[in-house]
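Worksheet: one structure, shown below.
Every heavy atom of this structure was used, including side-chain atoms; hydrogens, water molecules and symmetry mates were not. Chain letters run A, B, ... following the sequence lines, proteins first, then strands; residues in each count from 1.
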Amino acid sequence: MIGSGPPAVDVPGAAPPETRWRSLTTEQGARGALIAAASTVVVVAAASWWILTSETWPAVQRQFFNPENFAESWPAVVSGFWLDVRMFLVAEVAILVFALLLAVIRALRGPAFFPLRAMTVVYIDLMRGIPIILLVLLLGFGIPALDLPGVPRSPLFWGLAALVLSYSAYTAEVYRAGIESVHESQRMSARALGLTQWQALRHVLVPQAVRNVVPALLNGFVSLQKDVALVYILGIREAVREAQIYNARTFNYTGYVAAAVLFLAVSVPVARFTDWYAARDRRRKQAG
Amino acid sequence: MTAVAKLEVRAVSKAFDGKPVLVDVNLAVAEHDVVCLIGSSGSGKSTLLKCIDLLVPIDTGEIILDGRVITARGVDADAVRHGIGIVFQAFNLFPHLTVLDNITLSPRRVHRMERADAEQRARSLLYRFGLVDKEADYPDRLSGGQQQRVAIVRALASQPALMLLDEITSALDPELVAEVLNVVRQLKDDGMTMVIATHEMGFAREVADRVCFLDGGRILEHGPPAEIFTNPQQERTQRFLQRIIEAGRL
């Protein structure tokens with residue numbers, strides 16, 4: 001070959017070879033596992049002893065970890081949590097679709113699309129810059145108060161709308177990072193095959209982009225799954241609201257702990273799944 | 001030069017950020033002709049091909065395909081590209097699609113073929129180029145030579161009347177070069193009109209009807225391969241070929 005060597009062939013998403021590094025730093029074999037187990041038992045036992053023997057523990061237990069209060073608050077908190085789950089599912093679907101639309105508009109090229117691109121930029125800046133709780137209050141109380149004909153008046157609807165508007169802005173940026181991570185040569189190849197800009201996005205760039213950002217999207221799931229609780233401020237009787245009602249009645253905080261347990265029961269598995277998925281993705285890319 | 005040109009490049013210039021990459025390039029390619037562009041890296045070969053496929057806009061001059069000025073304002077670039085196949089150095093297959101889906105994407109989405117028809121045509125092309133057992137594989141399962149052959153098949157699937165090959169063997173291991181060049185020989189035998197940017201001088205000498213030597217964005221010399229390779233007129237062409245002979249590539 002004449003001149004320079006072959007230019008680097010693009011390897012999409014190549015990751016640094018960290019498997020070897022990991023195997024060197026993590027304890028290996030049965031002996032390592034034994035040491036890890038023994039060390040964990042010692043630390044947990046010491047911490048438990050320290051907490052349970054402290055003078056204030058009985059008061060803490062009475063206020064936060066009271067089995068009777070737990071059982072008493074549980075049914076209402078669970079039914080509230082079920083509303084949280086449904087709100088999460090509806091909002092998440094709406095977010096994934098709307099955010100993708102925003103990201104695709106932002107990725108369109110050519111001067112004709114400038115106004116559309118500029119609008120998405122302004123939208124994303126606005127929505128990311130306003131605290132979600134403020135949006136929830138603004139839309140959830142404000143719009144029903146306007147009493148406009150033909151506009152939904154349910155605080156639940158507008159509370160969810162506020163979450164969707166805010167989260168879409170963040171999620172659109174996640175998608176955009178994904179689209180930009182696909183090498184420019186893929187776009188050029190698609191255009192060279194006669195695909196229009198839109199077809200290139202639809203069939204070539206977006207499918208690859210989404211794959212690249214699945215872990216980041218799952219991370220957003222975990223976050224939203226908790227943030228749906230913000231609509232409690234509109235008086236919607238989801239888990240946190242129910243716990244608050246229980247607390248107001250009994251002056252005991254165990255209901256809040258019950259709600260926390262329920263949120264954890266969903267978010268921890270999703271977080272573990274995200275880790276597992278990201279690790280698998282990394283391995284595949286290294287193998288490929 | 002033949003009377004009716006399939007492709008004509010007239011006085012084309014192009015600069016990137018004020019740095020000229022093509023300077024007053026003139027080129028005519030007759031139907032069924034194979035033109036090889038040679039010259040060192042950075043001489044403008046790739047840019048010229050991308051300009052012809054309207055992937056890179058030109059600054060001045062015009063490009064004429066089948067008697068029509070395709071660089072004029074208001075020309076639908078997507079429609080022009082339907083008639084042109086281009087293959088790149090780095091294959092640029094779509095990693096999320098199987099070989100078959102890579103090949104049928106454009107026929108189905110751009111040419112609105114039925115899936116069954118598009119797949120049938122794809123399979124006959126795969127069969128012809130010895131890739132028939134690869135249709136369900138993803139590109140990362142294939143060798144570089146196989147990937148590049150798939151990329152050629154993908155370009156052929158839209159039945160282009162002109163093929164542009166941009167250093168298609170430069171990213172391949174030496175032992176994989178021959179299988180790709182054989183595909184190009186087959187295309188020549190079919191009478192495909194081709195413009196080929198290449199560093200494979202022996203191959204250029206063999207398949208080209210005409211060879212253009214580019215230097216600093218200009219076509220310094222062009223003519224039949226026998227003339228260019230054995231009796232170059234320009235001093236720069238002589239030096240370029242001398243270096244290649246020293247490298248044992250001719």
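Here B/Asp53 contributes atom CG and A/Met188 contributes atom CE; the two are 9.5 Å apart, rounded to the nearest 0.5 Å.
Annotation for B/Arg121: atom CZ counts as buried by contact number, over 12 foreign heavy atoms lying within 6.0 Å. The neighbour count for B/Gln120 CD, taken as heavy atoms of other residues, nucleotides or ligands under 6.0 Å away, does not exceed 12. Heavy atoms from other residues, nucleotides or ligands lying under 6.0 Å from CZ of A/Arg202 number 12 at most. The number of heavy-atom neighbours closer than 6.0 Å to CD of B/Glu175, taken from other residues, nucleotides and ligands shown, is above 12. Around atom CZ of A/Arg117, more than 12 heavy atoms belonging to other residues, nucleotides or ligands sit under 6.0 Å away. The 12-atom threshold is not exceeded at CZ of B/Arg68, counting heavy atoms of other residues, nucleotides or ligands nearer than 6.0 Å.
Interface remark: B/Arg141 contributes no atoms to any contact with chain A (heavy atom separation under 4.5 Å). For B/Leu164, no part lies under 4.5 angstrom from a heavy atom of chain A. Proximity to chain A (any heavy atom under 4.5 Å) is shown, for B/Asn92, by both the backbone and the side chain. For B/Ile84, the part lying under 4.5 angstrom from a heavy atom of chain A is the backbone only. Contact of A/Arg211 with chain B is made through the side chain alone, with heavy-atom distances under 4.5 Å.
Interface remark: of the candidates B/His82, B/Lys50, B/Arg109, B/Arg109 forms the most heavy-atom pairs closer than 4.5 Å to chain A.
For the pair B/Phe94 and A/Ser189, the minimum side-chain heavy-atom distance is below 4.5 Å.
At a heavy-atom cut-off of under 4.5 Å, chain B is reached by A/Leu193, A/Gly194, A/Leu195, A/Thr196, A/Gln199 from residues 193-201 of chain A, listed in order of number. Residues of residues 97-111 of chain A having a heavy atom under 4.5 Å from any heavy atom of chain B: none.
With sequence neighbours left out, B/Lys134 forms a salt bridge (Lys or Arg N to Asp or Glu O under 4.0 Å) with no residue at all.
Although no hydrogens or angles enter the test, the distance criterion places no donor-acceptor pair under 3.5 Å between the side chain of A/Gln186 and the main chain of B/Pro95.
Between A/Arg191 and B/Asp78, at least one side-chain nitrogen of the basic residue sits less than 4.0 Å from a carboxylate oxygen of the acidic one, meeting the salt-bridge criterion.
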Determine all donor-acceptor pairs shorter than 3.5 Å in which one atom belongs to a side chain in residues 218-230 of chain A; sequence neighbours excluded.
residue  : atom : partner  : partner atom : Å
A/Ser223 : OG   : A/Tyr167 : OH           : 2.9
A/Asp227 : OD2  : A/Tyr167 : OH           : 2.7

